[in-house]
Amino acid sequence: MEDRWIKECLRQAKRAFDSGEVPVGAVVVKDGKVIAKAHNRVESLRDPTAHAELLAIKKALKKLNQKYLHGCTMYVSLEPCAMCAYALVLVRIDKVVFLAQDERAGAVMSQYNLLDDLSFNHRVKWVYKPLEPAKLMLKEFFKGLR
């Protein structure tokens, strides 16, 4: 099952890549079903907060008609930044699985460890599941910008 969600996460990242966005895709799963999916849209929306994670969170909340995402897992192609990591805490998602580290801005294990911070009112379980295609897509995207 998890492979199916990871593939969808990578499809979303590819959509971002194809539209000139940083290739990050996110999928929210609850009870074995995808309830939301999104990709980065920072450039197209001219909104620096339009990260895949935040867009997927908003869609999931709307679909469930709730303010929290209890019982949900997010699959995301890149380690969440500080904004997205804290958003995962705020919406009380159960777990996040990410496929590539963000050595510059990662807020789960690379630069910061926000999801392990005991002072927050909710703990998000996290899993780093390295996947070469996610890393390669990011490398290719940034190589093209130089």
If you look at every heavy atom in [X] and [Y], which pair is closest and at what distance?
X	Y	result
Trp5	Val27	O-CG2, 4.1 Å
Leu78	Leu138	CD1-CD1, 3.6 Å
Val28	Ala60	CG1-CB, 4.0 Å
Ala38	Ala52	CB-O, 3.7 Å
Pro80	Glu53	CA-OE2, 3.5 Å

Check your understanding: Under the side chain to side chain contact (heavy atoms under 4.5 Å, CB included) criterion, do His122 and Tyr68 qualify, and how do the steps go?
Key -> CA-CA 11 Å; His122 176 74; Tyr68 297 119; over 6 Å; no
Check your understanding: Which pairs pass side chain to side chain donor-acceptor pair (under 3.5 Å) with one or both residues in residues 22-34, sequence neighbours excluded?
Key ->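 Output for this query is empty, none listed.
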Point to revise | Sequence neighbours excluded - side chain to side chain donor-acceptor pair (under 3.5 Å) pairs with any residue from residues 57-66 | key: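 Qualifying pairs, neighbours excluded: none.
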Do [X] and [Y] sit in one hydrophobic cluster, given that two such residues count as connected whenever their side-chain heavy atoms are within less than 4.5 Å of each other, even indirectly?
X	Y	value
Val97	Leu55	no
Val127	Val34	yes
Phe120	Tyr112	yes
Leu136	Phe98	no

Point to revise | Residues which pass salt bridge (charged side-chain N to carboxylate O under 4.0 Å, His left out) with Asp47, listed by chain and number, not counting sequence neighbours | key: none
Once rounded to the nearest 0.5 Å, what's the spacing between atom [atom1] of [X] and atom [atom2] of [Y]?
X	Y	atom1	atom2	answer
Asp3	Leu131	CG	CG	9.0 Å
Leu69	Met74	CG	CE	7.5 Å
Trp126	Leu114	CH2	CG	11.5 Å

4.5 Å side-chain heavy-atom contact, [X] and [Y]:
X	Y	value
Asp102	Arg104	yes
Arg11	Lys37	no
Asp116	Arg123	yes
Val42	His51	yes

Spell out, as yes or no, whether a donor-acceptor pair under 3.5 Å connects the side chain of [X] to the backbone of [Y].
X	Y	answer
Glu79	Ser110	yes
Ser77	Gly25	yes
Asn40	Pro23	no

Considering only distance and modelled atom types, tabulate donor-acceptor pairs under 3.5 Å from the side chains of residues 82-91, sequence neighbours left out.
none

Point to revise | side chain to side chain donor-acceptor pair (under 3.5 Å) partners for Lys14, two or more places apart | key: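 Partners of Lys14 under the side chain to side chain donor-acceptor pair (under 3.5 Å) test: Asp18.
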Point to revise | Residues which pass side chain to side chain donor-acceptor pair (under 3.5 Å) with Gln12, listed by chain and number, not counting sequence neighbours | key: Glu8, His39
Check your understanding: Is it the case that more than 12 heavy atoms not belonging to Arg92 sit under 6.0 Å from its CZ atom?
Key ->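 Yes, because the 6.0 Å sphere around CZ of Arg92 holds more than 12 heavy atoms from other groups.
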Review point. For Tyr128, does the OH atom have more than 12 heavy-atom neighbours from other residues, nucleotides or ligands under 6.0 Å away?
Key: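 Buried by this count: over 12 neighbours within 6.0 Å.
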Exercise for review: Step by step, work out the side chain to side chain contact (heavy atoms under 4.5 Å, CB included) result for Glu2 and Tyr75.
Suggested key: CA-CA 9 Å; Glu2 188 175 69; Tyr75 293 83; 3.3 Å; yes
Review point. In terms of ring plane angle, is the pair Phe17 and Phe141 parallel, tilted or perpendicular, where the classes change at 30° and 60°?
Key: perpendicular
Check your understanding: When Cys72 is tested against each of Leu64, Leu61, Val29 for side chain to side chain contact (heavy atoms under 4.5 Å, CB included), which residue passes?
Key -> Leu64
